[in-house]
Every structure is written in C-alpha cells, then in structure tokens.
Colleague: 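Here's a structure for you.
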Amino acid sequence: MDIVKLPREDAVRLITDKLREIDNRIQRILQRWNQPSTEIFLERTRTGDLEDAEIDAITLTNLIEERDRISHLYDQL
Amino acid sequence: MAFEKHDFIERASLIIQQTLGSLIVSYNWDLEGGKLSFLLKNGIMIYIGYNSVGQYVYQVMKSLKLREFIRFDNFDDRWDVSTKPHHFHPFKMKQATVSPMVGIPDRDLPLLCRWILSKRIFEGNFEPISEK
C-alpha cells in the first residue's frame with residue numbers, strides 16, 4: 001500500500017466529506033424503505049419481512065463497513 | 001472466512017463484460033456499495049452485489065414493473081429449499097426455489113450469462129444450459 005503525506009487539515013476535510021457522503025447514502029436507503037435504523041432494516045430484510053430489499057441490504061452492509069474503516073482512519077489522525 | 005468482495009466485484013465485471021460484451025450499453029461500478037450494474041441493449045438491467053460475509057445478490061430486471069425480475073441470493077434465510085441459504089426467485093413470483101448459485105463469480109456468472117443469452121431467463125425456473 002502506498003502512503004502519502006498531506007496536511008492534517010486536508011486529511012480531516014477529505015475524511016469528513018467522505019463520511020458525510022457515505023452517511024447520506026445510508027440515510028437514503030433507510031428512507032427509501034421507511035426504516036428507522038440500519039439494524040432494523042437488515043433484520044427485516046433477512047427475515048423476509050421486507051421483500052425485495054436484498055440489493056439495498058448488500059449495499060448497506062458494504063457502506064457500514066466502509067464507514068467503519070474510514071472512521072478508524074479519522075481516529076488515527 | 002473473509003470474502004474478498006472487491007476481488008469478486010472485479011472478477012464479476014470482467015466475466016460479464018467478456019461474456020455479454022456487445023450487448024452492454026452502460027455499466028456502473030459502485031466500489032463502496034460492493035455493487036455492479038449493467039444496462040443491456042434490450043433494456044435488461046443486471047445487478048451484482050457481494051459483501052464481506054459471503055452474502056450476494058444477482059438480480060436481472062426485465063423492467064421496473066413490480067416483480068418483473070429474477071433474483072439469486074442468500075440474504076433472506078426463510079426459504080426452506082435444499083440449497084438453503086442459496087435460493088432463486090423466479091420471474092413474477094414471490095416464492096423462492098432451489099438455486100445453482102453459491103456466491104462465487106467464477107462459478108456463478110458464466111451460468112447466469114448463458115441463461116441471459118438463451119433469452120429464456122424470464123421463463124419459469126432456472127434451466128441449466130451447457131457450455132458450448
């Protein structure tokens with residue numbers, strides 16, 4: 001993995017912008033299915049209570065993972 | 001086992017482009033969402049998604065009308081089929097049936113593409129089609 005150096009304030013801005021973008025995507029999925037939280041949405045899709053939400057559920061699991069990974073980077077700044 | 005979703009997505013993209021090449025009008029690669037989508041000349045949309053815990057979805061849409069799609073996935077675990085958790089949602093049907101898919105692009109997507117090319121994909125249950 002290549003490592004680059006950049007000013008801290010630039011890194012903070014880039015990471016917070018990315019986190020905001022991912023959060024917006026997560027919220028749009030929840031709004032589309034009218035669900036209050038990621039946990040409830042994923043559980044209702046898993047049990048079949050929400051039908052045909054599988055594509056969004058897979059996307060959501062990946063967005064949550066990406067958000068966690070980037071949040072971890074932020075914590076390391 | 002950690003599933004390399006990015007490798008799977010990259011591999012899926014390659015297989016579909018190699019197999020359906022000239023039929024593809026456009027495609028979108030959503031790296032963060034772990035998802036690929038393709039629009040074909042005949043209006044069919046293909047969605048391919050993987051995550052890091054081995055869950056996957058392959059959905060082929062004839063149109064945006066209700067249930068005008070088929071889907072292979074292992075996300076919802078309520079279907080009592082011999083291939084559980086892998087199952088198949090036939091065209092216009094709420095129910096699910098057995099699926100030949102396992103969530104591995106090299107094994108699944110050549111099958112899926114052959115079925116799309118056969119033009120029988122929206123007819124009944126999955127029909128295995130031999131490789132030529």
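Letters go in sequence order (proteins before strands), and every chain restarts at 1.
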Colleague: With only heavy atoms counted, which part of A/E21 is less than 4.5 Å from chain B, the side chain, the backbone, both or neither?
Modeller: side chain
Colleague: Considering residues, nucleotides and ligands other than B/K84, do more than 12 of their heavy atoms fall under 6.0 Å from its NZ?
Modeller: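 More than 12 heavy atoms, drawn from other residues, nucleotides or ligands, come within 6.0 Å of this atom.
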Colleague: Determine the minimum heavy-atom distance between A/I58 and B/V57, stating which atoms define it.
Modeller: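 The pair with the smallest heavy-atom distance is CG1-CG1, 3.8 Å.
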Colleague: With only heavy atoms counted, which part of B/D77 is less than 4.5 Å from chain A, the side chain, the backbone, both or neither?
Modeller: both
Colleague: Is there a chain of hydrophobic side chains (I, L, V, M, F, W, Y, each step under 4.5 Å between heavy atoms) that links B/M45 to B/L40?
Modeller: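 No, separate clusters.
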Colleague: Below 4.5 Å, heavy atoms only, C-beta onward: do B/D30 and A/T59 meet side chain to side chain?
Modeller: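 Contact flag for B/D30/A/T59 side chains = yes.
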Colleague: Might you point out which heavy atoms bring B/F75 and A/E54 nearest each other, and give the distance in Å?
Modeller: CB-CG, 3.8 Å
Colleague: Using every non-hydrogen atom in the two residues, find where B/S52 and A/E65 come nearest and quote the distance to one decimal.
Modeller: OG-OE2, 2.8 Å
Colleague: Do B/R67 and A/D52 come within less than 4.5 Å of each other through their side chains, counting heavy atoms only?
Modeller: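 A side-chain contact under 4.5 Å exists here.
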Colleague: Check A/R69 with B/E32, please: is the shortest side-chain N to carboxylate O separation under 4.0 Å?
Modeller: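 Looking at A/R69 together with B/E32, the answer is no, because their closest N to O distance does not fall below 4.0 Å.
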Colleague: In terms of hydrophobic clusters joined by side-chain contacts under 4.5 Å, are B/Y47 and B/W115 together?
Modeller: no
Colleague: Return yes when atom CZ of B/R107 has more than 12 non-hydrogen atoms of other residues, nucleotides or ligands closer than 6.0 Å, and no otherwise.
Modeller: no
Colleague: Grouping I, L, V, M, F, W and Y whenever their side-chain heavy atoms are under 4.5 Å apart, do A/I26 and A/I70 come out in a common cluster?
Modeller: yes
Colleague: Can any side-chain N or O of A/N62 pair as donor or acceptor with the backbone N or O of B/Y50 at less than 3.5 Å?
Modeller: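 It does hold such a pair.
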Colleague: In terms of heavy-atom proximity below 4.5 Å to chain B, should A/I64 be classed as side chain, backbone, both, or neither?
Modeller: neither
Colleague: Within a reach of under 6.0 Å around CG of B/D80, are more than 12 heavy atoms found that belong to other residues, nucleotides or ligands?
Modeller: no
Colleague: Which one, A/T45, A/L42, A/L63, A/I55, leads in non-hydrogen pairs under 4.5 Å with chain B?
Modeller: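 Ranked by heavy-atom pairs under 4.5 Å with chain B, first place is A/I55.
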Colleague: Please flag which part of A/T47 lies under 4.5 Å from any non-hydrogen atom of chain B: side chain, backbone, both or neither.
Modeller: backbone
Colleague: Just wondering, more than 12 heavy atoms not from A/L6 lying within 6.0 Å of its CG?
Modeller: yes
Colleague: Take atom CG in A/D68; do more than 12 heavy atoms of anything else shown fall under 6.0 Å from it?
Modeller: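 Yes, CG of A/D68 has more than 12 neighbouring heavy atoms, counting only those of other groups under 6.0 Å.
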